[in-house]
Amino acid sequence: MNSFARSQLLRFLLLDVHHLPDLFRYQRYAHLDEEQAWMMVESAGLFASQEMFPYFKSMDETPAQYDGKGKVITHPQLKKIFAVAAEQGWIGGNASFELGGMQLPEMLFSTGHLLFQAANNAVQGYLGLSGGAAGLITSFGNEEQIKTYVPNIFGGKWQGTMALTEPQAGSSLSDITTTAYPTEEGHYLIKGQKIFISGGQHGAAENFVHLTLARIKDAPAGTKGISLFIIPALRPTTEGSLDDNDVYCAGDFQKMGQRGYATTHLVFGDHDNCRGYLVGEANKGLAYMFQMMNGARISVGMCAAGVAMAAMQYSLTYAQERPQGRHAHEKDPLQPPVLIINHADVQRMLLTQQAIVGGSISLGMECTKLYDLCEVTSGEEKEKHFLLLEILTPIMKTYASEQGIRSVSNALQILGGYGFTTDFPIQQLYRAIRIMSLYEGTTGIQSLDLLGRKVTMHQGKALQVLETAIQETLQEANNFPELSACRQQMIEELERMKRVLVYLQPRLMAGKVGEFLADASVFMELSSYIVIGWQWLKMGVSASRQLAANSSLSESTRDRLKFILHTMEFYFRYELSHTAAFEHTICRPEHLTRLSESDWKQATSA
């Protein structure tokens with residue numbers, strides 16, 4: 001397909017492991033078939049190769065830059081990308097026909113976006129934000145709001161954003177102070193500031209639709225008093241023109257990576273004329289916003305996987321071309337150097353990348369398929385899909401981000417000193433992927449969400465649904481003797497998870513919430529490694545089934561399937577074995593991370 005992605009891996013995961021065509025039996029997706037779906041993926045790859053990838057380096061070298069006058073200057077190619085993306089359906093293609101979409105499954109749509117993320121991760125965020133903002137309006141907005149904003153967003157003319165973070169509050173949304181003052185005309189006057197607003201007020205769009213969290217004057221404190229507003233940078237008039245809406249871009253943050261991606265500081269209502277339009281009901285804004293945030297969390301995880309996939313491809317190519325050193329048994333200095341892919345440690349780093357990238361993309365597809373199933377099912381079946389998606393979302397976002405950083409680091413290491421230079425792209429990918437564990441809730445926040453909310457929700461029902469899904473894969477794996485060792489190891493890992501939760505539960509029952517959550521990030525690591533092990537076992541089942549059932553497979557196909565099994569075994573031996581250390585860390589009575597402020601001050605004073 002291209003130099004930044006592995007098309008055969010994506011096809012295997014999309015069609016063989018996660019069975020995308022299963023969705024086509026539902027009315028919403030019945031207009032599609034397998035051939036059409038894969039053509040969409042190939043089309044996305046072509047778009048990424050022609051319009052995004054060639055500008056990956058130049059967008060880093062000439063980053064988004066504030067002009068001092070309320071606008072951010074972006075790369076000129078961005079405007080063309082918006083136009084082509086809109087034309088091909090990569091902004092609103094997952095929306096319904098009635099809204100101008102193509103009713104693509106999210107599973108298929110996000111695979112296309114994965115290729116954009118791998119080709120040029122500074123670009124895809126613009127498109128994803130617009131689609132997410134439009135989706136929020138269609139879900140909770142009124143007919144007039146949908147008619148006014150959604151077609152312009154899907155058409156690539158207007159940029160959608162999400163505006164949550166404030167200077168004094170950071171990730172603590174309960175502390176936001178942006179205020180909405182009611183008026184007799186039905187709109188609200190907005191006053192406040194937002195920071196780190198991705199995609200805000202750049203030169204590639206005609207208007208900006210900021211989906212903003214704010215408090216209506218005298219609303220309850222905390223998250224119960226937060227409402228959601230549409231705040232356009234230019235407000236549409238009844239005559240069809242656009243008037244200034246008193247939204248000022250006060251600056252653009254210059255970043256370590258993703259330098260082509262505008263990240264702005266917005267000021268609302270400096271002249272007391274910023275109009276906001278309430279979406280849905282008052283004081284339900286955070287609940288509404290979580291639809292976009294949860295989708296964004298999966299998207300961030302997929303972006304991290306895409307970046308790591310690109311780095312993996314570059315390092316593999318380098319290892320297959322770079323001669324250096326000799327085999328350990330070769331003592332003759334006159335013998336020519338071997339390609340570095342022959343060295344065991346290089347293979348370890350390559351396989352580590354294969355394991356992380358494959359597992360992350362597979363989990364992302366698992367999540368997006370669950371999202372699609374939630375759209376087309378009802379009753380108990382829908383609840384099962386919803387609960388599994390809820391518990392997997394923070395794991396997807398965190399594992400792909402944190403381990404993606406490690407994966408790209410391994411890619412850079414393979415190139416040695418060259419990897420640290422701007423002559424090769426991996427250093428740019430390394431800078432870009434570092435933000436992924438910060439976007440849409442840091443690793444610490446995701447970990448608190450997993451252990452403090454998702455594990456305990458509905459008396460542990462989400463966790464039970466996850467265990468059932470893993471047990472189903474274990475049952476399938478029982479049909480293939482070559483999977484027996486990994487299958488047994490996964491059974492033991494489920495028991496490990498139970499032991500850890502049994503150890504932690506008394507603290508929760510005793511009301512010692514701080515102690516219960518103290519090692520939430522370690523619990524996240526434990527859970528993530530087990531869930532990715534489940535994904536690799538699913539891949540192993542699919543590969544074994546194909547190898548056993550089809551003797552007419554081409555030699556190259558058989559080799560790819562055998563390599564899937566080899567990487568699965570590598571993951572279980574080299575990666576999943578880390579869970580013993582996580583258990584050892586959690587199941588200890590000493591609380592080493594709960595020192596007081598004075599303890600730190602006394603211990604670290606000069």
Side-chain angles (χ1 to χ4, degrees), residues 94-95 106 125-142 145-146 149-150 153 158-180 188 190 192-200 208-216 219-233 247 263-264 266 268 274 276-301 367 371 374-375 386 389-390 393-394 396-397 438-442 445-446 448-449 452-454 457:
N94 53 350
E106 189 64 33
Y126 291 106
L127 309 179
L129 276 173
S130 279
L136 204 57
I137 295 170
T138 58
S139 294
F140 305 110
N142 59 41
Q145 290 170 341
I146 294 170
Y149 296 102
V150 171
I153 294 175
W158 294 2
Q159 168 79 66
T161 78
M162 53 194 298
L164 287 71
T165 307
E166 297 181 6
Q168 81 291 343
S171 298
S172 181
L173 295 178
S174 62
D175 296 320
I176 66 170
T177 59
T178 295
T179 305
Y188 292 76
I190 310 295
Q193 298 186 37
K194 298 289 182 177
I195 60 170
F196 302 145
I197 308 308
S198 299
F208 298 84
V209 184
H210 303 297
L211 275 293
T212 305
L213 294 182
R215 295 184 185 284
I216 297 174
T223 57
K224 294 181 180 180
I226 294 176
S227 298
L228 177 64
F229 296 87
I230 293 172
I231 305 179
V247 178
T263 306
T264 58
L266 301 180
F268 302 114
C274 178
Y277 305 93
L278 181 67
V279 178
E281 298 180 38
N283 302 328
K284 292 188 176 181
L286 192 58
Y288 297 154
M289 184 60 84
F290 262 107
Q291 171 183 292
M292 189 172 179
M293 289 170 66
N294 283 335
R297 286 170 176 174
I298 295 170
S299 180
V300 168
C367 289
Y371 177 90
C374 286
E375 289 287 302
F386 172 76
L389 178 60
E390 283 286 286
T393 295
M396 169 58 195
K397 194 272 180 183
L438 305 177
Y439 274 152
E440 306 307 333
T442 64
I445 290 172
Q446 302 299 327
L448 291 171
D449 179 48
R453 296 163 66 183
K454 302 303 171 59
M457 70 187 301

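Only heavy atoms go into these numbers, but all of them, side chains included; no hydrogens, no water, no symmetry mates.
Side-chain N or O atoms of Gln446 include one that pairs as donor or acceptor with a backbone N or O of Gly441 at under 3.5 Å. Without hydrogens or angle criteria, Gln145 side chain to Phe140 main chain gives no donor-acceptor distance under 3.5 Å.
Closest non-hydrogen pair, Tyr439 versus Ser198, comes out as CE2-OG, 4.3 Å. Shown here for Ile197 and Ala163, the closest heavy-atom pair between the two residues is CD1-CA, 3.6 Å. Considering every non-hydrogen atom in both Pro232 and Val247, the closest pair reads O-CG2, 3.7 Å. Nearest heavy-atom pair across Ile190 and Ala180 is CD1-CB, 3.6 Å. In terms of heavy-atom proximity, Ala169 sits nearest to Ile176 at CB-N, 4.2 Å.
Here salt bridge (charged side-chain N to carboxylate O under 4.0 Å, His left out) pairs that include residues 278-293, with residues two or more places apart or in two chains, are Glu281-Lys284. Pairs engaging residues 163-180 under the salt bridge (charged side-chain N to carboxylate O under 4.0 Å, His left out) rule: Glu166-Lys194 [sequence neighbours left out]. Sequence neighbours left out, the pairs with a member in residues 285-299 that pass side chain to side chain donor-acceptor pair (under 3.5 Å) are Ser139-Gln291.
Qualifying side chain to side chain donor-acceptor pair (under 3.5 Å) partners for Gln159, counting only residues two or more places apart in sequence or in other chains: Ser130, His202. Judged as a side chain to side chain donor-acceptor pair (under 3.5 Å), and not counting sequence neighbours, Tyr371 has no contacts. Residues passing the side chain to side chain donor-acceptor pair (under 3.5 Å) test with Thr161, sequence neighbours excluded: His210. Applying the side chain to side chain contact (heavy atoms under 4.5 Å, CB included) criterion to Ala133, with sequence neighbours excluded, gives Leu211, Met292. Scanning for side chain to side chain donor-acceptor pair (under 3.5 Å) contacts around Glu390 gives an empty result, with sequence neighbours left out. For Phe229, the ring-ring contact (aromatic ring centres under 6.0 Å, His included) partners at least two apart in sequence or on another chain are Tyr188. Legend: residues meeting ring-ring contact (aromatic ring centres under 6.0 Å, His included) with Phe196, ordered by chain and number and at least two apart, are Phe253.
Looking only at side-chain heavy atoms (C-beta outward), Ile137 and Val209 come within less than 4.5 Å of each other. With contacts defined as side-chain heavy-atom distances shorter than 4.5 Å, the pair Leu136/Val279 does not qualify.
With values rounded to the nearest 0.5 angstrom, Phe290 atom CZ is found 11.0 Å from Thr393 atom OG1. Summarising the geometry, atom OG1 belonging to Thr165 is positioned 6.5 Å from atom CG belonging to Leu173; distances are rounded to the nearest 0.5 Å. With values rounded to the nearest 0.5 angstrom, Leu213 atom CG is found 9.0 Å from Thr178 atom OG1.
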Please assess Ile226 against Arg215 for the test side chain to side chain contact (heavy atoms under 4.5 Å, CB included), listing each intermediate value before the final yes or no.
CA-CA 5 Å; Ile226 294 176; Arg215 295 184 185 284; 4.1 Å; yes
